Amino acid sequence: MRRHDPPVQYLVGTPKGRLSRLEKRLTDLWWQEVCEGVEVKLLADLEEVYVLARSVDRVAKERAMRRRQLKQPWRRLGELSEMDLSREQLLMKLCAAQNQSPSAWPLVQVTIDPGKGAFTYELRKKKLRQVRRREGRYLSRTNLKDGDPARLWQFYIQLVAVEQAFKEIKGDLGIRPIHHQL
């Protein structure tokens, strides 16, 4: 899109992994309120502008989702710690627990005793702090250089609405790939 003739304007979502590379530069910038409960930071790079948005409502939603997702593995680890298992049985049950809660598992540190079927577990507080800092935040990039954060946020909301509409249409028409169909 950058090299297209005639030039194409774009606003695209960016993986949160990119946020790690830009985090230091973004911390020096101030939040600008674009509407009630939504703030953005704009970081101009060579050809693009990165837009980091923070939504108060989305922070609350993602925090509640994470708490709910973390309850299941925490409960299961408690159950497993009370069982008398061989090391192999324990490893299999831990793998099954990990498969049931893949998004919550990185927040839990499990240490297995190499000789027995025993283990300890604890919350990874540093990782949890990192996850909490990123809750409710969206990173996008654009070549629109007008610098109006409210306008860029409005474009982003329209993009999300269009993507949701396409998803629903694909489902209604039954043209989603086989592995996505219910």
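Scope of the values below: all heavy atoms of this structure, side chains included, with no hydrogens, waters or symmetry mates. This one's a predicted model, so the numbers in the text were calculated from it and none came from an experiment.
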Side chain proximity check, [X] to [Y], heavy atoms < 4.5 angstrom:
X	Y	result
V34	L152	no
M83	Q89	no
L107	R66	yes
L128	R124	no
V162	F166	yes

Counting distance only, does the side-chain N/O of [X] pair as donor-acceptor with the main-chain N or O of [Y] below 3.5 Å?
X	Y	answer
Q109	E122	no
S55	R58	yes
E48	D45	no
R137	L52	no
N143	E47	no
T142	Y10	yes

Do [X] and [Y] share a hydrophobic cluster, counting only Ile, Leu, Val, Met, Phe, Trp and Tyr and linking them when any side-chain heavy atoms are less than 4.5 Å apart?
X	Y	answer
M65	L70	no
V160	V38	yes
L139	V131	no
V110	L91	yes

Answer yes or no: does atom CE of M92 have more than 12 heavy-atom neighbours from other residues, nucleotides or ligands under 6.0 Å?
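It does not: M92 CE has 12 such atoms or fewer within range.
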Nearest 0.5 Å please: distance from the [atom1] atom of [X] over to the [atom2] atom of [Y].
X	Y	atom1	atom2	answer
F119	K93	CZ	NZ	11.5 Å
L42	W31	CG	CH2	10.5 Å
L43	E23	CG	CD	12.5 Å

Nearest heavy-atom pair of [X] and [Y]: which atoms, and what distance?
X	Y	result
E135	V59	O-CG2, 3.2 Å
S20	R134	OG-NH2, 2.9 Å
E62	G136	OE1-N, 2.8 Å
Q72	S101	OE1-OG, 3.5 Å
S103	Q69	OG-OE1, 3.0 Å
Q32	P149	OE1-CG, 3.0 Å

Working note: V51 + Y156, criterion side chain to side chain contact (heavy atoms under 4.5 Å, CB included); need CA distance, chi angles, decisive distance, verdict.
CA-CA 10 Å; V51 182; Y156 179 76; over 6 Å; no
For the pair Q158 and Q154, evaluate side chain to side chain contact (heavy atoms under 4.5 Å, CB included) and give the outcome as yes or no after the intermediate values.
CA-CA 6 Å; Q158 289 173 346; Q154 188 176 27; 4.3 Å; yes
Does a side chain donor of either Y50 or R25 reach within less than 3.5 Å of an acceptor in the other side chain?
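Absent: no donor and acceptor within the cut-off.
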Is the closest side-chain donor-acceptor distance between Q164 and E168 under 3.5 Å?
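Short answer, yes.
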Would you call the rings of Y121 and W74 parallel, tilted or perpendicular if under 30° counts as parallel and over 60° as perpendicular?
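The arrangement is perpendicular - the two ring planes meet at more than 60°.
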Derivation and outcome, side chain to side chain contact (heavy atoms under 4.5 Å, CB included), residues L77 and L94:
CA-CA 8 Å; L77 288 168; L94 286 173; 3.5 Å; yes
Salt-bridge criterion met for R75 and E79 (N-O under 4.0 Å):
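Salt bridge: yes.
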